[in-house]
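There's a structure below that I have some questions on.
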2 protein chains.
Amino acid sequence: MELPDIPGKIDTDALCELLDGRWASVRAAARERMAATGLPDVDALDTESYRSQVFAMLRTLAAAGYPKLGFPESVGGQGDIGGAITAFEMLGFGDLSLMVKAGVQWGLFGGAVEALGTERHHERYLRAIMELELPGCFAMTEYGHGSDVQHLRTTATYDPAAREFVIDTPDDSARKEYIGNAARDGRMAVVFAQLITGGTTYGVHALLVPIRDELGVAMPGVRIGDCGRKAGLNGVDNGRLWFDHVRVPREALLNRYGDVTEDGGYLSPIEGDSRRFFTMLGTLIRGRVSVAGAAGSATKSALTIALRYAERRRQFERPGSTDEVVVLDYLAHQRKLLPALAKTYALHFAQEELVATLHELQSGPREEGEGYERRQRELESRAAGLKAVATWHATHTIQTCREACGGAGYLTENLLPALKADTDVFTTFEGDNTVLLQLVAKGLLTGYREQVLQLGSLGLARFVADKFVGTVIERTAAKAVIERLVDRMSGDTKDDDLLDRAWQVRLFEDRESHVLDTLATRLRRATAEEADAFEVFNDAQDHVLRAGRVHVDRIVLEAFLAAIDRCGDQDLASVLDRVCDLYVLSTIEEDAAWFLGHGRLTASRAKAVTGAVNATCRQLRPLTSALVDGFGIPEDVVTASILMR
Amino acid sequence: MELPDIPGKIDTDALCELLDGRWASVRAAARERMAATGLPDVDALDTESYRSQVFAMLRTLAAAGYPKLGFPESVGGQGDIGGAITAFEMLGFGDLSLMVKAGVQWGLFGGAVEALGTERHHERYLRAIMELELPGCFAMTEYGHGSDVQHLRTTATYDPAAREFVIDTPDDSARKEYIGNAARDGRMAVVFAQLITGGTTYGVHALLVPIRDELGVAMPGVRIGDCGRKAGLNGVDNGRLWFDHVRVPREALLNRYGDVTEDGGYLSPIEGDSRRFFTMLGTLIRGRVSVAGAAGSATKSALTIALRYAERRRQFERPGSTDEVVVLDYLAHQRKLLPALAKTYALHFAQEELVATLHELQSGPREEGEGYERRQRELESRAAGLKAVATWHATHTIQTCREACGGAGYLTENLLPALKADTDVFTTFEGDNTVLLQLVAKGLLTGYREQVLQLGSLGLARFVADKFVGTVIERTAAKAVIERLVDRMSGDTKDDDLLDRAWQVRLFEDRESHVLDTLATRLRRATAEEADAFEVFNDAQDHVLRAGRVHVDRIVLEAFLAAIDRCGDQDLASVLDRVCDLYVLSTIEEDAAWFLGHGRLTASRAKAVTGAVNATCRQLRPLTSALVDGFGIPEDVVTASILMR
């Protein structure tokens with residue numbers, strides 16, 4: 001396949017600027033900080049030394065003012081939510097234990113105090129949290145309830161006589177598990193527990209519970225265990241917590257969404273335990289968004305190492321010559337790494353857009369009302385979906401990078417082992433990916449139902465005739481850009497042009513609509529037949545997961561297109577257009593069975609897609625270095641031995 | 001989809017017996033040995049302590065007579081090649097550093113001395129190697145040449161005056177790299193080097209070179225480095241070797257396939273440096289076969305942990321009930337683990353057959369002639385293919401098992417982190433998988449060319465009309481079984497029966513034929529047009545890899561069918577039939593794009609395949625425990641904490 005020409009060179013600074021985006025200054029500051037410190041040599045350390053080194057590094061971060069970005073101005077912070085998430089993303093280029101430890105202290109622990117607490121908690125604790133005088137934990141997960149946190153079983157029972165809550169772990173499966181900062185450093189924990197007052201349970205609430213005194217000794221009634229060694233992230237002290245009727249004052253309740261009066265009455269602005277709990281959870285969305293960003297950073301580091309190595313490594317003589325072939329010139333090697341690079345670009349832009357949306361929604365005064373709730377729900381759904389897709393992409397890509405470096409990729413000195421081991425848990429923490437994709441699908445079904453209800457039967461017929469495009473599917477990024485592209489479609493492009501952007505967008509949208517529509521029909525029919533709800537949903541689980549996945553594919557594509565649209569450098573835009581083609585075409589190729597099976601691609605066109613992926617890889621091959629340099633990773637943190645010889 | 005009934009229970013002992021197969025007694029002995037020792041707690045150990053513990057364990061193995069199986073009776077061994085590989089496979093249930101260390105000492109080092117050396121080497125060294133009095137290395141890979149070992153650059157230059165070889169590392173990229181046993185324990189190395197005598201180079205040969213004296217001090221001229229920490233296998237002391245004009249006597253040459261006379265003449269029974277080198281490599285096939293087996297054991301351990309956990313773990317209430325759902329009852333969870341279980345079964349039987357074939361070919365007096373060479377070539381091709389498929393399956397499955405256990409899967413105490421980290425290098429050592437699959441394809445193309453040449457033009461026409469089935473494709477295991485199945489095809493089965501075994505076999509065969517045929521045509525056409533040979537082959541690289549992969553799928557299926565055929569227990573056979581269906585259907589589903597794109601499946605039939613995978617998972621769900629128990633892994637080595645509560 002012949003592709004239109006693209007420039008043979010791009011301006012790396014312009015690329016870096018585009019990728020740096022809105023929070024470029026935060027990224028620049030992070031680069032400076034990292035260039036000064038580099039990576040610690042942690043592999044030689046035993047667990048205690050590693051933990052202690054990470055804690056020392058955390059102090060350095062605190063002293064440098066890193067946590068200020070994320071906290072409100074009222075307590076000395078800067079209140080820049082998007083900036084804080086971006087700074088966290090940049091930590092993903094360094095030691096990942098430090099990143100997770102920072103996430104636990106300031107994102108999860110501090111974030112929960114801020115989001116779920118009220119002024120009395122903010123005034124009393126936030127400054128100390130920010131300055132690391134009060135190291136703390138986010139104690140939500142229990143051994144028996146990780147994904148299903150609504151049903152966790154720790155109790156917080158109000159005792160009106162003492163005006164205290166009694167925190168209790170009813171049995172071993174209700175112990176708090178995998179809690180970061182718990183095994184060594186934490187002095188306080190935000191503990192999630194079923195709130196009981198006057199004999200009634202009001203669902204899960206969060207309370208501040210001291211777990212260690214200033215000397216580091218466990219508080220009375222608190223038992224602390226150590227999760228021990230893990231596959232990675234061994235600089236983080238994950239632990240277990242048991243509470244044996246531990247008493248905390250009434251004011252320990254983080255009472256923004258639910259409070260208990262002195263005499264034990266229960267007050268909440270939100271009706272319904274379940275709705276209240278999910279509102280609370282929704283405010284904690286930053287953690288999920290942050291993980292997606294960090295996964296992106298680790299992926300970029302791995303690709304940088306593997307692609308730079310692939311450009312200098314030679315193996316096997318070229319037939320009829322004594323020159324050895326550079327391994328990145330092999331199609332098989334390009335296919336391993338370049339589609340992954342393209343998807344990393346796509347996810348970068350999707351992540352940036354997600355961060356900006358979150359920033360807009362959470363900055364300034366909190367709004368109320370239906371519009372806000374809908375936007376919040378959409379944001380949660382996109383955060384869940386991107387987190388799942390970005391972390392699986394990280395796991396898969398880092399694995400591929402390791403293999404692409406052969407034995408060298410297995411040596412610690414070449415950094416890939418730590419990248420792999422440290423990021424592995426991303427796919428299951430802050431929400432198990434499989435569960436998250438189902439959340440996305442459920443969100444889509446909710447939106448779908450609302451639309452269908454509004455339409456009435458006449459509208460429904462039209463809706464069906466339209467194949468739902470543009471109806472159920474709400475375009476996210478730069479709607480105008482996408483609409484312009486799709487409108488251009490009819491007439492002036494050749495039908496066989498796989499690079500026709502309008503065709504590509506339509507194809508992604510059409511797939512999403514079809515998957516969602518058939519899913520809704522399937523579930524509705526089953527409901528009508530009064531079948532066992534669990535069995536119906538369970539039988540459709542692969543369909544449900546697919547709905548979540550294809551939705552994410554589409555919003556990621558839209559974000560990529562919006563980024564290209566705002567790129568001022570024409571040469572750069574042409575190259576990114578081709579990178580986007582590679583993202584689209586390799587995504588189509590991966591799901592070719594669906595497109596073929598649903599009459600969206602003919603056999604010959606499917607073959608052409610594979611040819612186009614190969615051709616695109618070949619065309620982008622000479623630009624690989626520049627595309628990698630654009631990530632702007634501080635050189636000191638990708639100092640793999642294999643790149644130094 | 002409704003499936004025919006299968007028994008609700010199976011006899012685990014009968015299953016274990018079937019899986020244990022021909023070398024059941026070797027497996028029984030290994031189980032006893034392991035039950036006595038359990039797994040060492042290695043995660044708490046620093047590198048030196050871990051290495052020293054593994055070396056001590058290696059001594060225990062030697063004392064227990066473990067290595068005897070693989071060595072000839074003439075030196076006190078038992079000469080049971082298949083038994084030795086099976087014993088190694090069983091080590092895969094234990095600490096994998098010990099397994100690899102044993103593989104280096106007795107498989108690679110001892111194996112090379114045996115296969116490439118002659119009586120003088122056997123008499124002098126094999127007993128000491130077997131008894132671990134002489135720890136040694138297999139020094140083939142160089143930093144600059146890992147896959148392309150034919151072009152490695154260490155030299156062994158004969159000096160007729162001194163009757164010695166001079167071993168030299170010309171530059172840093174020719175240093176020996178990742179060499180097991182080198183950093184700490186090895187005293188001698190089989191060094192692969194370009195042999196030069198009388199100014200002429202005769203290609204790569206192997207020589208015995210002492211690297212340390214009895215006190216452990218490096219020999220003069222030998223520099224030894226340490227590869228340091230790795231992602232896993234940290235009980236193995238991988239190192240680097242540089243030789244600075246190191247002199248060894250003429251007799252140090254392992255001279256079975258090439259020798260140098262005292263005055264520097266070169267003698268070899270094999271013409272051509274390349275052919276000679278690949279003959280030598282071919283004798284070392286055991287390493288590759290052994291890795292495939294070990295990968296299988298690690299996969300079984302991971303599945304045992306994840307599936308047992310999935311049967312006791314509950315999460316989320318069943319709608320309309322307060323019971324929580326067992327996670328293995330979720331379709332998504334079944335889909336993660338059960339097709340992997342089915343493929344693990346399939347690969348087990350394929351591995352056993354490969355071992356038996358190798359055993360037959362290498363036991364007894366070495367044959368000569370064309371028939372032997374063809375069988376040896378086929379064996380090498382199958383070993384390469386199975387190694388690639390089995391190790392990728394291991395990496396993928398162990399990763400999935402980790403994720404299926406959530407946070408618990410990330411904790412060292414639950415064993416999955418070590419399984420994952422230790423096996424990760426399997427995909428690139430003993431031959432990089434991508435390179436190996438190309439070897440398979442090249443082997444198939446060679447066979448193809450030979451057949452086409454023999455046919456003449458009339459034969460060729462018939463050959464084309466037959467779509468090559470049964471012509472190019474030589475059925476491997478139990479030909480009679482397969483032929484019976486395929487012959488039954490016409491007439492008496494319904495066309496829409498996805499469980500029709502004859503249809504399944506035909507589909508796999510047809511795919512292989514088609515892929516190979518179109519590949520041959522593509523490469524031939526390009527050759528006829530005198531295109532750049534490298535570009536042609538490179539452009540077709542994804543096609544080449546596919547040819548290797550689909551070939552392996554087919555031989556694995558045949559081995560599974562042969563195993564079911566020899567299963568005497570009717571109930572068990574019915575269940576295994578369904579496990580085999582799951583292997584076949586999930587393999588088809590994975591490659592559905594190809595089947596759809598090549599008119600082998602209609603859209604509705606492809607959808608039915610997905611439905612059948614789901615139905616098969618559901619049907620096999622209650623038998624999961626039994627299927628896992630059948631692996632017969634000693635309970636002491638799968639003592640994950642999550643299985644004990």
Side-chain angles (χ1 to χ4, degrees), chain A residues 43-44 46 141 145-148 151 172 177-178 227-231 315-320 325 329-332 335 395 399 402-403 406-407 409-413 416-417 420-421 424-425 427-429 432 434 533-534 538-539 541-542 545 592-593 596-599 603 606-607 610 614 645, chain B residues 43-44 46 141 145-148 151 172 177-178 227-231 315-320 325 329-332 335 395 399 402-403 406-407 409-413 416-417 420-421 424-425 427-429 432 434 533-534 538-539 541-542 545 592-593 596-599 603 606-607 610 614 645:
Chain A
D43 208 75
D46 61 46
T141 297
H145 290 91
S147 291
D148 185 12
H151 289 97
D172 195 51
E177 179 80 49
Y178 320 125
C227 292
R229 293 289 288 187
K230 306 179 294 285
Q315 202 75 174
F316 292 109
E317 289 178 1
R318 191 178 285 263
V325 179
D329 287 339
Y330 290 110
L331 175 65
R335 275 197 154 261
T395 294
Q399 176 70 37
R402 194 308 278 165
E403 291 180 23
Y410 198 62
L411 301 188
T412 300
E413 62 179 36
L416 292 163
K420 198 159 122 53
D424 186 23
V425 77
T427 54
T428 53
F429 79 0
D432 177 275
T434 303
F534 171 74
N538 196 36
D539 281 351
Q541 208 175 14
D542 50 345
L545 293 171
L596 281 159
H598 291 79
K607 231 177 246 179
T610 293
N614 292 351
R645 285 177 188 122
Chain B
D43 209 75
D46 61 46
T141 297
H145 290 91
S147 291
D148 184 12
H151 289 97
D172 194 50
E177 179 80 48
Y178 319 125
C227 292
R229 293 290 287 188
K230 305 179 297 284
Q315 202 75 178
F316 293 109
E317 288 178 1
R318 190 178 285 263
V325 179
D329 286 339
Y330 290 111
L331 175 64
R335 275 196 154 263
T395 294
Q399 176 70 36
R402 193 312 275 164
E403 291 181 23
Y410 198 61
L411 301 188
T412 300
E413 63 179 35
L416 291 164
K420 199 157 123 52
D424 187 23
V425 77
T427 54
T428 53
F429 80 0
D432 177 276
T434 303
F534 172 73
N538 197 35
D539 281 350
Q541 208 174 14
D542 50 346
L545 293 171
L596 282 159
H598 292 79
K607 230 177 247 178
T610 293
N614 292 352
R645 285 176 188 123

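Side chains included, hydrogens not; waters and symmetry mates left out as well; all remaining heavy atoms used. Naming convention: chains lettered A, B, ... in sequence-line order (proteins, then strands); numbering from 1 in each chain.
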Legend entry - Closest non-hydrogen atom pair, A:Phe534 against B:Pro319: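 So the two residues come closest at CB-CD, 3.6 Å.
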
Legend entry - Closest approach of A:Asp542 to B:Arg335 (non-hydrogen atoms, all atoms of both residues): OD2-NE, 3.7 Å

Inset, instruction - Carefully, step by step, assess A:Lys230 and B:Glu413 under the rule side-chain contact (heavy atoms from CB on, under 4.5 Å). - result: CA-CA 8 Å; A:Lys230 306 179 294 285; B:Glu413 63 179 35; over 6 Å; no

Legend entry - Approximate separation, where rounding is to 0.5 Å, of B:Tyr410 OH and A:Tyr178 OH: 12.5 Å

Inset, instruction - Find the distance between CD (B:Glu317) and CG (A:Asp148) and round it off to the nearest 0.5 Å. - result: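 It comes to 7.0 Å.
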
Legend entry - Flag for B:Gln541-A:Asn614: side-chain donor and acceptor within less than 3.5 Å: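 The answer is no; no qualifying pair exists.
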
Legend entry - Shortest non-hydrogen contact from A:Gln315 toward B:His145: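 Heavy-atom minimum between the residues: OE1-CA, 3.4 Å.
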
Inset, instruction - Using non-hydrogen atoms and a 4.5 Å limit, figure out which bit of A:Thr141 sits close to chain B: side chain, backbone, both or neither. - result: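 Looking at A:Thr141, nothing touches chain B.
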
Inset, instruction - Using non-hydrogen atoms and a 4.5 Å limit, figure out which bit of B:Leu331 sits close to chain A: side chain, backbone, both or neither. - result: both

Legend entry - N/O donor-acceptor pair under 3.5 Å between A:Asn538 side chain and B:Asp329 backbone: yes

Legend entry - Shortest non-hydrogen contact between B:Thr427 and A:Arg402, atoms and distance: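 Minimum heavy-atom contact is OG1-NH2, 3.2 Å.
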
Legend entry - Rounded distance (nearest 0.5 Å) linking atom OG1 of A:Thr428 with atom CD of B:Glu403: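 The distance works out to 7.0 Å.
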
Legend entry - Leading residue by heavy atom contact count with chain A [cutoff under 4.5 Å; candidates B:Ala592, B:Ala603, B:Ala332, B:Ala421]: B:Ala332

Legend entry - Least distance between heavy atoms, B:Leu411 atom then A:Cys227 atom: CD2-CB, 4.0 Å

Legend entry - Pick from B:Asp424, B:Thr395, B:Val325 with the largest number of heavy-atom pairs that fall under 4.5 Å of chain A: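 The option with the most such pairs is B:Asp424.
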
Inset, instruction - Return the option, out of B:Gly228, B:Gly409, B:Ala593, with the maximum number of heavy-atom pairs under 4.5 Å with chain A. - result: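 Counting heavy-atom pairs under 4.5 Å, the top option is B:Ala593.
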
Inset, instruction - Could you have a look at B:Gly406, B:Gly320, B:Ala606 and say which one has the most heavy-atom pairs with chain A under 4.5 angstrom? - result: B:Gly406

Legend entry - Atom group of A:Asp432 that falls short of 4.5 Å from chain B, counting heavy atoms: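 Answer is side chain: those atoms of A:Asp432 sit under 4.5 Å from chain B.
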
Legend entry - chain A contacts, top residue of B:His151, B:Arg229, B:His598 (heavy-atom pairs, under 4.5 Å):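 Counting heavy-atom pairs under 4.5 Å, the top option is B:Arg229.
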
Inset, instruction - Identify the two heavy atoms, one from B:Gly597 and one from A:Leu596, that lie closest to each other, and give their separation to 0.1 Å. - result: N-CD1, 3.9 Å

